[in-house]
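In what follows, every chain begins at residue 1, and chains take the letters A, B, ... in the order their sequences are listed.
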Amino acid sequence: MDLERRRHFGGDIVIGVIDYGIGNIGSILNMYRRLSIPAARAHDAKSIALADRLILPGVGAFDHAMNRLRALNLEQPLVENVLVRRKPVLGICLGMQILADGSEEGREAGLGWIAGRVKKFEFEAGSAAKIPNMGWRYVAKDAPHPLVDSLPTDPRFYFLHSYHLAPDDRSHRVLTFGYGGGIFVAGVAAGHIAGVQFHPEKSHRYGMELLRAFSKWNPGA
Amino acid sequence: MESRRVTDSGIGYREFRPRVIPVLLMRDRQLYKSTRFADHRYVGDPRNAVRIFNGKAVDELVLLDIGATARGAVEFDVLKEIAADAFMPLGYGGGIRTPDQARQILDIGFEKIILGTAAAEDPDLVTVIADLTGSSSTTVCIDVKRKLFRGARVTYRNADKTLSLRPAQFAKALEAAGAGELIVQSVDRDGTMTGYDIELIAEIADAVRIPVIALGGASSVADLCAAVAAGKAHAAAAGSMFVFQGPHRAVLISYPEDDVLIKSFGGGTEAFPAS
């Protein structure tokens, strides 16, 4: 198996990118390949257990993602590795949204690792803002955090989403962006659990810097 | 005009600016640039060009295989090599006829499926692909030609065939079918670098709620801005402008600096309409 071989040969920290048939994990692996950081698909309990840290990607509908995780028997291994063994995890796009308790988009419970709910965009009257939010947005660093401290001034990222995560605890906000007259959350972190709404794997050097920072992130116990 | 906003935490950040999208035309695994859909001129290797655009941190890139429909096949192996080097959103159009092909393109690492001839000949395919991949991944490219006595008409099969629908009618039908975004291309302006057909772009942008990308005729950053300001486009795309340089059209890949685009667009109108 790829992950086992990498560990055997390198002994490096290995990033497991959860493959549950939702989203473009090829681009994430391509970016880590460019960075010369070992990363591989994690598609079952064994490969998730072998990874030192995990990326949870995802595009599409909230319920579909949760149902896929459960149908593939990946929810329990994720809970075991993230909540019990406390491996750092980064959710990307829908993968960040399912870290929350639930979503206005669906009925399924989320993983519930970040207190809060995923909501539909609501804009000021007269706003010309479109749904989905598709394109590049400049983001603001809302709070100092090892995942974003190394980003240059005025970082910009590629977004593609129709819902946004509203964490209950404001101190979990790490990155924010403005859209349609409102301020929304672009990045969250609670202990060793983090997520970004945008696609770092499609955001050039900004995304590369963030993925590099995740590979080095040591959130502690 | 440099515009900054402040978050509710009092932190300043730069405002939105519209996307600027290079469009590359591929045929038999090589890049060409056409003029009015003819006179194809060789401009290089697609993998190399995408690598250069990647280095220039372009907002998004569109690759259209203009030989794929006639050939009846998609060059998945080339697309795979291209995606491996592209850390920006990628759109692909050319020869996609089945949901399975669309799925393969997305798996390779492209974000958007672009339908052209297929959408004109079989609008149901737009719905099938949007249902599978999501509307935001389903783009349709409308090629419009102005006819002497009949006004603007939708064309397909490399502008050889014409639909009876008016462009705005067709655009509305595509929106209803599930398209998440439209590229509006002027066949008459293609490769001419004489500016966009602003009237056409505005007519379609007014007819639909989904984002419209202007294509055909751009020669300068001022043209890109006009597509957004006067044309009401959501994004501006161009071919010649990004692959040719100077009056003799020497092949040289270029892309405006982010600062230049920010100053020229003067802050977005989409995210924060004038108050």
Requested in this report: Mind ranking D8(B), I11(B), I108(B) by heavy-atom pairs under 4.5 Å with chain A and telling me who comes out on top?
Outcome: D8(B)
Query raised in the report: What residue in R19(B), M88(B), K80(B) has the most heavy-atom pairs under 4.5 Å with chain A?
Result: M88(B)
Query raised in the report: What part of V139(A) is in contact with chain B, defined as an atom under 4.5 angstrom from a non-hydrogen atom: side chain, backbone, both or neither?
Result: backbone
Report task. Identify, with sequence neighbours excluded, every residue that meets side chain to side chain contact (heavy atoms under 4.5 Å, CB included) alongside P146(A). Result -> W217(A)
Query raised in the report: Residues two or more places apart in sequence or in another chain: which of them pass side chain to side chain contact (heavy atoms under 4.5 Å, CB included) with V185(A)?
Result: P167(A), R173(A), V188(A)
Query raised in the report: What parts of residues 51-61 of chain B touch chain A if we use heavy atoms and a cut-off under 4.5 Å?
Result: N54(B), A57(B), V58(B), D59(B), E60(B)
Report task. Measure across L160(A) and S136(B) and return the closest heavy-atom pair with its distance rounded to 0.1 Å. Result -> CD1-CB, 3.4 Å
Report task. Looking only at non-hydrogen atoms, find the nearest pair between G180(B) and M134(A) and report the distance. Result -> O-CE, 4.5 Å
**Report entry** Portion of F123(A) that has a non-hydrogen atom of chain B nearer than 4.5 angstrom
**Finding:** neither
Query raised in the report: Given a strict heavy-atom distance threshold of 4.5 Å, which part of A84(B) is in contact with chain A: side chain, backbone, both, or neither?
Result: both
**Report entry** Heavy-atom contacts under 4.5 Å, residues 199-209 of chain A to chain B
**Finding:** E201(A), K202(A), S203(A), H204(A), R205(A), M208(A)
Query - Closest non-hydrogen atom pair, P89(B) against W136(A) - result: CD-CZ2, 3.9 Å
Query - Rounded distance [0.5 Å steps], CZ in F87(B) versus CG in L211(A) - result: 10.0 Å
Report summary line: Applying a strict 4.5 Å limit to non-hydrogen atoms, the region of D85(B) in contact with chain A is both
Report task. Indicate the atoms forming the closest heavy-atom contact of Y138(A) with I262(B), along with that distance. Result -> OH-CD1, 3.0 Å
**Report entry** Enclosure of E122(A) CD (heavy-atom neighbours >12, cutoff 6.0 Å)
**Finding:** no
Query raised in the report: For the atom pair CZ (F184(A)) and OG1 (T7(B)), what is the distance rounded to the nearest 0.5 Å?
Result: 13.0 Å
